[in-house]
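Here is the structure we will look at, set down as C-alpha cells.
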Amino acid sequence: MVLKCMQDEGSLRGVYGRLVCTNFKISFLCDESATDDNEFDFKNKIIGENDITLHCVDQIYGVYDEKRKCLLTGQVKKYPEKIIILCKDFRVFHFCLRYTKEEEVKRIVSGIIHHTQSPILHKRLFLFSYAASAPHYIAIGIKKQAVMFDTLEDWRLELDRTKGNIKYKVVSSNASYGLCEKLPPYFVVPVSLMEEDISEFQGKGIPIWCWSCHNGSALLKMAALPKEQDESMLQRHKTFSERIDKTVHRPPYELSRTEELANSLPSLPEIQMAYGRFKQLFWMENRADFWDSDVKWFSLLENSNWLEIIRQCLTKAIEVAEYLETESTNVILKEESASDLCCVIAGLVQMMMDPYYRTKLGFQSLVQKEWVMGGHAFLDRCNHLRQTDKEEAPVFLLFLDCVWQLVQQYPVAFQFTETYLTVLSDSLYLPIFSTFFFNSPCHKDIQYMCGDNTDKQSPPLSFHSVWDWSVQFDAKVQALLKNPLYVEKSKQDKTIRRTMRSKHQRQLSLPLTQAKASPKKGFFRDEPGPFIKNFLSKRISKLMSSSDEVPNSCREFYDSWHCKPVDFHGLLLPHVEGPLIQIWAQRCLRWIPDAQILGGGLVAMVSRVMETIEEVESLRRKLEEKQATSSSITKETEVMAMLRKSARFSSLYPFALLSRISVKPVIPTSTWRGLEEEDDLVKRDDEFIDLGNI
C-alpha cells in the first residue's frame, strides 16, 4: 500500500492504493471514482492510466530526506521514503512510501529496480510469454492493415504499383537467410545486377531498391563495404565498387547520385545525446517546475539540438526529392548498415512524393518495408534488453517526429491523425507486439520457428502485429486515428489553396531573428525589457539564420514549390525554417495541465470545420430532395458526436480532458524574479495579465 502523489499538488495530496510489479508492467491499483457515462474516454485495452510497462520506464529516483538519488541495480543500500518514476512517454509518477511497512518497501522497490534496470535475455521478454499463451492467434484482416513484405508477391505488387518492374527485379537470394541476417528474405535490385555480385560481400555494397518515381528515377539504399586494413582486400573492394558503379550507370540507369548520409546528418550518438537533453524539458514533477522552465524555455530547447536534427533530416529529404523529381536522377542513400538514417530519409522522401504513403494503409506498409523488413535494429536502438546503452538511439522516434512535422503543416493531406502517431510511438514500449522487439526479419523468424524453448517440436509462436489496432482500442477509439478531413483523390479538387497557420498560445518552436518585428514588442509593453534583449541576442542563434535553412543547391526548387498552390495528393515539401519546426506538443506536453489550450487547439478547429461541412451536406440533400446515401464526411458520426463536445476538451485531446484538470495556473514568484530586479517588477505590477482568465 502506497500513496500516489498528485502531480499538480506536489507531495501534499494523493491517492492510496496498491503498487504491483509484474514481468510486464508496474501498476497502481486504487478505487477510482466512476466516470460520466456520457463522457468519452480514450482508453487503451492493455495499458491503463496508472500502468507503466517495464520497457517504458526511463529513470527511477529515490528520495532521501528531500534529496533525490538515481536508483540502479545492486546500488540500493538504504530504501527511500519516496520513489519517482520517469517514463519514456513523459509521464511522471510519485509514490510515497512513508506509510508503508518496511518489508513491503524493500520488496516493491527491489522488484521494480530488478525488472526495469537489470539486463534481460531476449526470450525472457514478456513478448514470448504473451505469444505462448495464445498459440492459435490469427490476425484477422491484418493484410488489410498493412502490406507485410514478407512474401515474393508483396514485393512484385509494389514494383508494379510504382512501375519499377522494367528496371528492377525481386530476388530470393536470402530466402533462407544464408546471405545476410540483416536483409529480408526477398528484396529488389537492378535487373543488370549479377547473382555473384549480390553474394560477394553478403549483400553489402549493392544498391537495393526502395521506390520508383513517376519519371523513371528510383530511390535506392546501400550498406557500406566493411572497412579493411589488408591491402589485397582494399583492392578487391575497389574493383567491386567500380563494377557496381558501372552497373547502375549502364542504360537504362544513365544518371545516378550517391548520398553519403554520414557526411550530412548527425551520428547515432549525437542523436541519442540530443534526445537525452530534449526529453528533460518535459519531465515535469509539478506545475511549478513547468512555469520555472518558461524563463529559459528557448535556451534549453536550442541547446538540446533536437529540432535542428529534425530540420536536417527534412532538408536532406527535400534535396533527394529534387534529384528524383526535377533531374530524374537515381539517388543511392549510403550508410554503414543502411538500416538507420537510410530508413529515416527513404521513408520521408516516399511520404513527400507518393500520396499512397500518406494513407493509413500506405504508411503502415511503408514502416513494414523500410523499417521492419529493412532490418532496423529496434531491439538495440530502443535498448529493450537493457544490456548496453552504446547502441541506443531514438531513430524511429526521430522519423515519427519528422512525419508529425509534415502532418501538422499539411493535415488535410494525411488520412491519419497526430493521435495515430502518438499511440504508435507509445506502442514502441508494448512487449506484446513483435513489430518493435526484433533486430531483423531473420532474428524474428529464427525465434518464431524455434518457439519459446529449444525443443524443435514446440509449436511456432503466434506474435501480434502492432497494426492490429483492435488489440489496443475499441472501434470508437480507433475512429480518432483517422482524419475526418482527409478526402480521397477522386473527390478532391485539382488544387487547394494553402490556408494561414494559426499561432499557438505558448510558442513551441524557436523564433526567427531575421523575421520582421511585429508592431508590439515584448511580453507586456511596447518595448522589450533588458532581459528579453539579452535573451534574444545571446541565446538564440543556431536555428535562427533563415539564409541557411535550405542549401543553395535546392533553394530554387524549394522556393518555387512553395510559391504554387498545394496539391495535397501530389508532391509535398515541408517548411524547414526555424519557427516552423515545432515541438510535437500532443506527445511531449500531454501530461502537463498548464501546457494545454483549454477548449481550443486542433480539436476545436476540426469540430468547427466538420459542423460546417455537415451543415452544407444537409442543405445539399434538401436541395436535391432525395434520399442520398451518407457522404464520406457524414459517415464519421461517432467522431462528430465526440467533437461536438470540444468545449470540454483541451488542445491535447484525447489524452487530456478538461474535467480532469484544474484550470488555474500556478506561477511561482521565483519565475518572475529571475527576469529583473524586484524594483522593476513592482513598477510593472499593473502590466501583468490575470493569467487565470486567459
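Pairing each heavy atom of Gly17 with each of Cys30, the nearest pair is CA-CB, 4.2 Å. Minimum interatomic distance between Cys313 and Leu398 (heavy atoms only, all atoms of both residues): SG-CD2, 3.8 Å. Residues Gln387 and Ile120 share a closest heavy-atom pair of NE2-O, 3.1 Å. Here the shortest heavy-atom pairing between Ala393 and Gln272 reads CA-OE1, 3.5 Å. In terms of heavy-atom proximity, Pro80 sits nearest to Val105 at O-CG1, 4.1 Å. When all heavy atoms of Leu589 and Ala595 are compared, the closest pair comes out as CB-CB, 3.9 Å.
Relative ring orientation between Trp371 and His376 is described as perpendicular, the plane-to-plane angle rising above 60° on a 0-90° scale split at 30° and 60°. The aromatic rings of Phe128 and Phe438 lie perpendicular to each other, with more than 60° between the two planes, well past the 30° mark. Using bins of under 30°, 30° to 60° and over 60° for the plane-to-plane angle, the ring pair Phe24/Phe126 lands in the parallel bin.
Residues Ile60 and Leu86 have side chains not in contact (no heavy-atom distance under 4.5 Å, counting atoms from C-beta outward). Side chains of Met284 and Ser293 form a contact here, defined as non-hydrogen atoms less than 4.5 Å apart. Annotation: side chain of Phe437 is in contact with side chain of Pro431 (closest heavy-atom distance under 4.5 Å). Gln408 is not listed as a side-chain neighbour of Trp584, based on a closest heavy-atom distance of 4.5 Å or more. In this structure the side chain of Val471 reaches within 4.5 angstrom of the side chain of His464, judged on heavy atoms. Put simply, the side chain of Glu392 does not reach to within 4.5 Å of the side chain of Asp380, judged on heavy atoms. In this structure, Leu421 and Arg587 have side chains that are not in contact, with every pair of non-hydrogen atoms separated by 4.5 Å or more. Looking at heavy atoms from C-beta onward, Leu127 lies out of side-chain contact with Ile432 at the 4.5 angstrom threshold.
Gln586 and Thr419 form a side-chain donor-acceptor contact under 3.5 Å, judged by distance and modelled atom types alone. A donor-acceptor pair shorter than 3.5 Å can be found between the side chains of Ser434 and Lys444. Judged purely by distance below 3.5 Å, without hydrogens or angles, the side chains of Gln415 and Asn483 never pair a donor atom with an acceptor atom.
Judged as a side chain to side chain donor-acceptor pair (under 3.5 Å), and not counting sequence neighbours, the contacts of Gln364 are Tyr420, Trp469. Under the side chain to side chain donor-acceptor pair (under 3.5 Å) criterion, Gln368 pairs with Trp467, not counting sequence neighbours. Residues that satisfy the ring-ring contact (aromatic ring centres under 6.0 Å, His included) test with Phe278, not counting sequence neighbours, are Phe282, Trp306. Take Phe473 and apply the ring-ring contact (aromatic ring centres under 6.0 Å, His included) test, not counting sequence neighbours, and it matches Phe42. Every residue was checked against the side chain to side chain donor-acceptor pair (under 3.5 Å) condition with Asn23, not counting sequence neighbours, and none meets it.
Salt bridge present: Arg91 and Asp89 bring a charged side-chain N and a carboxylate O closer than 4.0 Å. Of the charged side-chain nitrogens involved, at least one lies within less than 4.0 Å of a carboxylate oxygen, so that Arg590 and Asp426 count as a salt-bridged pair. With salt bridges taken as basic N to acidic carboxylate O contacts below 4.0 Å, one links Asp51 and Lys25.
In this structure, CD1 in Ile309 is found 7.0 Å from CD in Glu270, a value given to the nearest 0.5 Å. Interatomic distance, Leu400 CG to Thr422 OG1, rounded to the nearest 0.5 Å: 9.0 Å. Note: Leu397 CG to Lys88 NZ = 9.5 Å, rounded to the nearest 0.5 Å. Interatomic distance, CZ of Arg386 versus OG1 of Thr73, reported as 8.0 Å (0.5 Å rounding). We find the CD1-CZ distance between Ile52 and Phe93 to be 4.5 Å, quoted to the nearest 0.5 Å. The OG atom of Ser118 sits 14.5 Å away from atom CZ of Arg124, with the distance rounded to the nearest 0.5 Å.
In this structure, the side chain of Glu308 does not engage the main chain of Glu302 through any donor-acceptor pair within 3.5 Å. Checked by atom type and distance alone, the side chain of Ser465 never pairs as donor or acceptor with a backbone atom of Thr435 at under 3.5 Å. A donor-acceptor distance shorter than 3.5 angstrom exists from the side chain of Trp283 to the backbone of Cys87, with no hydrogens or angles considered. Checking side-chain atoms of Thr100 against main-chain N and O of Met1 turns up a donor-acceptor pair under 3.5 Å. Distance alone, capped at 3.5 Å, places no donor-acceptor pair between the His115 side chain and the Ile26 backbone. Not a single donor-acceptor pair under 3.5 Å links the side chain of Glu391 to the backbone N or O of Asn383. In this structure, Thr417 contributes its side chain and Lys482 its backbone to no donor-acceptor pair below 3.5 Å. With hydrogens and angles ignored, the 3.5 Å screen pairs no side-chain donor or acceptor of Arg381 with any backbone N or O of Phe396.
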- Just do the side chain to side chain contact (heavy atoms under 4.5 Å, CB included) check on Val63 and Ile83 with the steps written out, would you? CA-CA 6 Å; Val63 178; Ile83 59 172; over 6 Å; no
- Test ring pair (Phe, Tyr, Trp, His ring centres under 6.0 Å) applied to Phe463 and Phe433, step by step: CA-CA 7 Å; Phe463 294 116; Phe433 303 114; over 10 Å; no
- Item | Test log, rule side chain to side chain contact (heavy atoms under 4.5 Å, CB included), inputs Phe414 and Leu406 | CA-CA 9 Å; Phe414 293 84; Leu406 285 166; 3.7 Å; yes
- Task: Go through Val466 and Phe436 one step at a time and tell me if the side chain to side chain contact (heavy atoms under 4.5 Å, CB included) criterion holds.
- Result: CA-CA 8 Å; Val466 73; Phe436 304 130; 4.1 Å; yes
- Where do Gln478 and Ser470 land on the side chain to side chain donor-acceptor pair (under 3.5 Å) test, with the steps shown first? CA-CA 8 Å; Gln478 288 184 59; Ser470 63; 5.2 Å; no
- Would you check, one step at a time, whether the test side chain to side chain contact (heavy atoms under 4.5 Å, CB included) holds for Phe90 with Leu281? CA-CA 9 Å; Phe90 302 116; Leu281 294 172; over 6 Å; no
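Within 6.0 Å of NZ in Lys45 there are more than 12 heavy atoms belonging to other residues, nucleotides or ligands. Heavy atoms of other residues, nucleotides or ligands lying less than 6.0 angstrom from CZ of Arg277 number more than 12.
Annotation: His443 is in aromatic contact with His122 [ring centroid separation under 6.0 Å]. Phe28 has its ring centre less than 6.0 Å from the ring centre of Phe95.
Among pairs with a residue in residues 101-110, those fulfilling side chain to side chain donor-acceptor pair (under 3.5 Å) read Tyr79-Ser110, at least two apart in sequence or across chains.
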